[in-house]
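Treat the numbers as computed from the prediction; the structure is a model and nothing was measured.
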Amino acid sequence: MASAAAAVAFVGADELSVELYASFLRSGARVRCFVPEAQADRSASAALAELSGLLRCASPAEAARDSALVIVLTDADGVDELFFGDEGIVKGLCTGASVLIRSTLLPSQLEKLEQKLAGEKKDALLLDGYIFSGLSDELKQQIVVVASGRQDVAERARQFFNGLDKTIYFAEGEFCTSSKIKLVNDLLESIHFIASVEAMYLGVRAGIHPSIIYDIISNAAGSSRIFVELVPKLLSEDPLLIDFLNSSKKNASYVMDMAKAVIFPLPLLGVAYQQLIHGSSEVTGDVSASPLMVWEASFGVNIVDAASQQIYDASKLADQLVMESKSAKRIGFIGLGAMGFGMASHLLRSGFYVVAYDVYKPTMVRFDDLGGSTKGSPEELAKDVEILIIMVANEFQADSVLYGSAGAVPVLSAGTSVILSSTVSPGFVIRLNKRLEAEAMAFAARLNLRTRRLFEILQHARGYSWMFGNRVPHMLDNDYTPYSAVDIFVKDLGIVSSESSNSKIPVHVSTIAHQLFISGSASGWGRYDDAAVVKVYETLTGVKVEGKPPLLSKEDVLHSLPAEWPEDPMDDLVSVASRNSKKILVVLDDDPTGTQTVHDIEVLTEWPVEALVEQFLKLPTCFFILTNSRSMTADKAMLLVQTICRNLEAAAKNVPGVSYTVVLRGDSTLRGHFPEEADAAVSVLGEMDAWIICPFFLQGGRYTINDIHYVADSDRLIPAGETEFAKDAAFGYKSSNLRQWVEEKTRGRVSEKQVSTISINLLRKQGPNAVCQHLCSLEKGSVCIVNAASEKDMAVFASGMIQAELKGKKFLCRTAASFVSARIGIKPKPPICPNDLGLKRALTGGLIVVGSYVPKTTKQVDELRSQCGQSLRVIEVSVEMVSMKSTEDRDQEISRVVELGNAYIQSRKDSLVVTSRQLITGRTPEESLEINYKVSSALVEIVRRIDSKPRYIIAKGGITSSDIATKALEARRAKVMGQALAGVPLWQLGPESRFPGVPYIVFPGNVGDNSALAKVVRNWASPSRISTKQLLLNAEKGGYAIGAFNVYNLEGVEAVVAAAEAENSPAILQIHPSALKQGGVPLVVSCIAAAEQSSVPITVHYDHGTSKSDLLQALEMGFDSVMVDGSHLTLGENILYTKIVSSLAHAKGLLVEAELGRLSGSEDGLTVEEYEARFTDVAQAEGFIDETSIDALAVCIGNVHGKYPPSGPNLKLDLLKDLRALTLKKGVSLVLHGASGLPHELVQECIDLGVRKFNVNTEVRNSYLESLKKSGKDLIQVMSSAKEAMKAVVAEKLHLFGSAGKA
């Protein structure tokens, strides 16, 4: 508020400023004024004389003396003397005074004044001002002050205006911005002035009574505030018309000077300015005469006489028109163009039966889809209609549909009303205004004004018109979807030009506008919306009118901020919290995504008093209550919050000494029931010292800087009000500035100026103590927003807030997720992966459920399908079927999805259940929430009826994840384990839930980049096959060995996998070249499929590759590893052979095993005589490893392929020990072939000496052959018996190798 002790000075006065004088006096401020004689206005002087308490001064210096704020109202003339004369303002300025100047100075002149003032009075602070009377419904009878300059100076000046009655203050942009905004408004006013004059005279010349023209236009699209104000003065020959004209001419001259300075063409203003000069050219003595004399001579019409003709009575005319009318039920509509389609659709929605025709067939299909009816010709359509509306482009088309072949007239019933919607000359103002707004906005862009902000301000000013409000948003959004079209107005303004010629009425502004529309059409924009005429200016001048906020570089913005608070407030935070250990943070979460930043915290999905008592008794630092209130209507959400708060109060009374702070965790993109939920909490808990608003959320890229809340998109920062989240059907909003957002959401109950701010400067330069002081200084019941751009900022604020709470302050917090983790001092931890939870390969697939409709989710779903399409099964749920159709249709759709979901999950396929992406909304927020409920309940029913236990569950979207957890999975409580990805919570559902132990990932709809969902699914999907190298590394770490079993058919494959799963052991499926020749590619595919479907780690290995061509083929077949067997070659040949294949295999990520030395014995038809066998040489092995870069070395230490001699194996364990030392140093795994028949003790010794892979063939193969000798009833029995025989051998070996239980 303006302080009672504040001294405010005015230099200059006019009628509007007198109201501002009075406002300051009423606020208790001491007001002085000096009004130069040359500026003295009789009415203003009289009004000043009546102001009680106003101190009149003899000079500017006297007025300015001791005044903290000086408001200067002046024209360009005499400014130098006013400021720097002997008794000028500068002589009286006190230290640190702010000067707000509202003048007719051009920006360049203002800048020179600022520089000179800084030289004369270094501590003087100058602001540029634009002061006008608000004319919008919202700000009617308010004085609007727009101040521009240094941000800190503008904010300092705000304190003088805050609290003034009937005054609105805007701090807007850099110095001179306010004057530039005034210039744009003056441009609009001047052109509207002349356009209104031309329209009225042309209409009267055409024979229309002036009152009819005024009544129609002032209530139509062609209206403007100037038209409404000017025309009555025009028709009544009001003496003020001369002042109006002279003022407009003067202001237009300043705009023309500015256009010349910035080299910007203003053709419409140029011709309007000439008309203003012409209108003021009649002089009587030394005084300008009424412009009516000039216009009468120019237009040949005495408009005052015309207006004095028989008085036009709109109500009588209306009575005449409707006297014989009756209600019409069946309407024919010809012409479904941009405007026609909208009109016909509106009639359809209003309950009329509408049958339509258009030459463009796709448009008729669209109309059919809306529920309308269409016909193949005007003749078919016209039968039995009561009203026929024709909306076509020109007279030729109208004639064709009425009287041409298959025309409508011959079949029209008697009494049918025909409405021909065409352009006549009085409507030219509408077309003209569209051209006018383009010139104004393009000029604003050249002046470097923020065009969207300019639009918001000028909505309240005199230069506003209906078309300005309707068409400028198209220009700002760069959206030229044709509601009308440039070509239509080329035609329409051509009609105006023709009419003016016939009537001998010059219409200069309309003619220039017509030429500019022709330019737009000639440039290729003819079929664009008529607002696209602005592109003519953009092309000529290079400016861009588009008013979307500049794309701020996130990196640049964050680097521009002060350095973070140097100390780590977390330690202080924890120590302070420990002294108040019974203060519990209770987070009411309006959807489950609020647990995005915490871990090891409990979540309750039910809130009876006894459950809350149990929770309070645990004395946690924090717990969450999942309300899911965002899915409810506001009334239901309020009742729910009140119930929970009452239960909290009751529970706290049962636990001695416990106290709590309530946090209303809401969406970081500002959606949800605010202020309704806060009001509900306060109604139970009592008034708080302050409401804290803090939507910062680092993991989601949400930053609040200078009170503006931003959403990061890649490397850019976008104001939240410009994102898709602000367009939410239930919770949409416009404001990105949080102070304005509070005012918007509270519908003005809490005004922007009442909202307090904790700035980043305070957090980073003054720290927690300053936060505490600020919070303690707030008036009870205040609203305080928190700026933050880092976790450190959040921690500083939380520390200060705790200090304030220790001093007895009570706060209600409406925040995003980051506040919660900061407030309880929780340390972040890395995202959780399946291994962290001990999750092994499962026999079922995962379930991903997507219900969120934000565009980000749709992009993420598209990317998921793109990246995981081959392994993912997609089931789309028809939103129309489950929300808009019959109960039977809904049940059939749900059953279809459940059946597919169960089948896919059992088949180990990850299944995506996703709602169809076409968003269906209701006509009101409440209807939209009802549709959301039906869709969400359908997803709940689907998950509830899926009885196959998934490996994991991902629920995408806040409402979806809440309903699935509580209703479908029947969880009453859960524990937040951490995050699956930054900002994506992972829960462990309670034992009472349907699928206890299954990871439940709560994926918010608004978090992550486009690939985030795909990344989580890949991380949590049934893991891809582990590599053979990783298997051997795990064995090395665990001190055990991996069994590699040769397989020849499907029974062998199934036997190895079944044994491995039964023993929870890793294993390797091996295929020998001879087996591959028999089994071919199907054998390899069977092995790979079995490995992928196994619940334990299984890899597929190509054994004994003695042929380069066979190995090269094997590299393309999908094996995980290969053995390059050059043991039959000389050492040099072996090295070369192995090196070549090793290089190719490594390029594909395959492990390479090789053999040095040579085993005797027989395997799969290959026999090596004993005299050919040779042991592995350690020295040769070192060189071999270095040359070939192999990963595993199969050694010969007396082991053999096949059966060992009766005397048993004779292994050189000393040699094995030396080879172990070498391979350990080289990072190479030791492999021993010929494990069949080795005694258990010897196997264990080999493992102890570092063998990590044993090849087993003979014993498994023999068990298969033995089983075949037993009689069986049929082939199935034979296969089953063989499989069980092999499985037993494999299982025994897994135990022997020590890998059982190690999967």
### Query
Is a side-chain donor or acceptor of K856 paired with a backbone partner of D1009 at a separation under 3.5 angstrom?
no
### Query
Does the side chain of R1018 pick up a donor-acceptor pair with the side chain of S1011 at under 3.5 Å?
no
### Side-chain donor-acceptor pair present, N628, D590, cut-off under 3.5 Å
no
### Message
Looking at R951 and W1020, would you say the former's side chain and the latter's main chain have a donor-acceptor pair under 3.5 Å?
### Response
yes
### Query
Salt bridge between D910 and R873, side-chain N to carboxylate O under 4.0 Å?
no
### Query
Hey, are T966 and R972 close enough side-chain-wise for a donor-acceptor pair under 3.5 Å?
no
Do any side-chain atoms of residues 976-983 form donor-acceptor pairs under 3.5 angstrom with protein atoms, and if so which ones, sequence neighbours left out?
{"residue": "Q979", "atom": "NE2", "partner": "T595", "partner atom": "O", "Å": "3.0"}
{"residue": "Q979", "atom": "NE2", "partner": "Q596", "partner atom": "O", "Å": "3.1"}
{"residue": "Q979", "atom": "NE2", "partner": "V598", "partner atom": "O", "Å": "2.9"}

### Query
Is it the case that more than 12 heavy atoms not belonging to K734 sit under 6.0 Å from its NZ atom?
no
### Task
Report yes if the side chains of V742 and K745 come closer than 4.5 Å at any heavy-atom pair, otherwise no.
no
### Short N-O contact, R716 and D713, less than 4.0 angstrom
yes
### Task
Check whether any side-chain heavy atom of V557 lies under 4.5 Å from a side-chain heavy atom of I705, and answer yes or no.
yes
### Message
Quick one about N902 and S948 (side-chain donor to acceptor, distance below 3.5 Å, no hydrogens or angles considered), yes or no?
### Response
yes
### Query
Does the pair R896/E893 count as a salt bridge with the N-to-O cut at 4.0 Å?
yes
### Query
Is the backbone of I708 close enough, under 3.5 Å, to the side chain of T704 for a donor and an acceptor to pair up by distance?
no
### Donor-acceptor pair, side chain of Q740 and main chain of S735, under 3.5 angstrom
no
### Message
Keeping D793 on the side-chain end and A789 on the backbone end, is there a donor-acceptor pair under 3.5 Å?
### Response
yes
### Task
Please find out if less than 6.0 Å separates the ring center of F731 from that of H673.
yes
#### Entry: Ionic contact status for R973 with E992, cut-off 4.0 Å
no
### Query
Heavy atoms, side chains only, cut-off 4.5 Å: are N1019 and C833 in contact?
no
### Message
Has S916 got a side-chain atom pairing as donor or acceptor with S878's backbone, closer than 3.5 angstrom?
### Response
no
### Query
Would E677 and R814 pass as an ion pair if we require N to O under 4.0 Å?
yes
### Query
Would one find more than 12 heavy atoms of other residues, nucleotides or ligands at under 6.0 Å from atom NZ of K636?
no
### Query
Under the 3.5 angstrom rule, does the side chain of S668 hit a backbone N or O of F696 as a donor-acceptor pair?
no
### Query
Are R944 and E941 within salt-bridge range, i.e. N to O under 4.0 Å?
yes
### Query
Would one find more than 12 heavy atoms of other residues, nucleotides or ligands at under 6.0 Å from atom NZ of K792?
yes
### Query
Is it the case that D635 and T633 place a side-chain donor and acceptor less than 3.5 Å from each other?
no
### Query
Hey, is the main chain of V850 close enough, under 3.5 Å, to the side chain of T960 for a donor-acceptor pair?
no
### Message
Measuring only between side-chain heavy atoms, which start at C-beta, is D715 closer than 4.5 Å to E555?
### Response
no
#### Entry: Any S631 side-chain heavy atom under 4.5 Å of Y933 side chain
no
### Donor + acceptor pair across side chains of E564, S790 (<3.5 Å)
yes
### Task
Give a yes or no answer on whether the side chain of R630 reaches the backbone of T627 with a donor-acceptor pair at less than 3.5 Å.
no
### Task
Look at the aromatic rings of F819 and F797 and report parallel, tilted or perpendicular, splitting at 30° and 60°.
tilted
### Query
Are any non-hydrogen side-chain atoms of V786 and I693 less than 4.5 angstrom apart?
no
#### Entry: Stepwise side chain to side chain contact (heavy atoms under 4.5 Å, CB included) check, C694 with M794
CA-CA 9 Å; C694 182; M794 210 68 267; 3.1 Å; yes
### Query
Can you find a heavy atom in the side chain of N787 that is under 4.5 Å from one in the side chain of I758?
no
### Task
Classify the ring geometry between Y1000 and W987 as parallel (under 30°), tilted (30 to 60°) or perpendicular (over 60°).
tilted
### Query
side-chain hydrogen bond (donor to acceptor under 3.5 Å, both in side chains) between E805 and T661: does it pass, once the steps are laid out?
CA-CA 9 Å; E805 287 180 317; T661 294; 2.8 Å; yes
### Backbone N/O of W607 and side chain of N647: donor-acceptor pair under 3.5 Å
yes
### Task
Examine the side chains of T857 and K956 and answer whether a donor and an acceptor come within less than 3.5 Å of each other.
yes
### Query
Below 4.5 Å, heavy atoms only, C-beta onward: do L989 and V998 meet side chain to side chain?
no
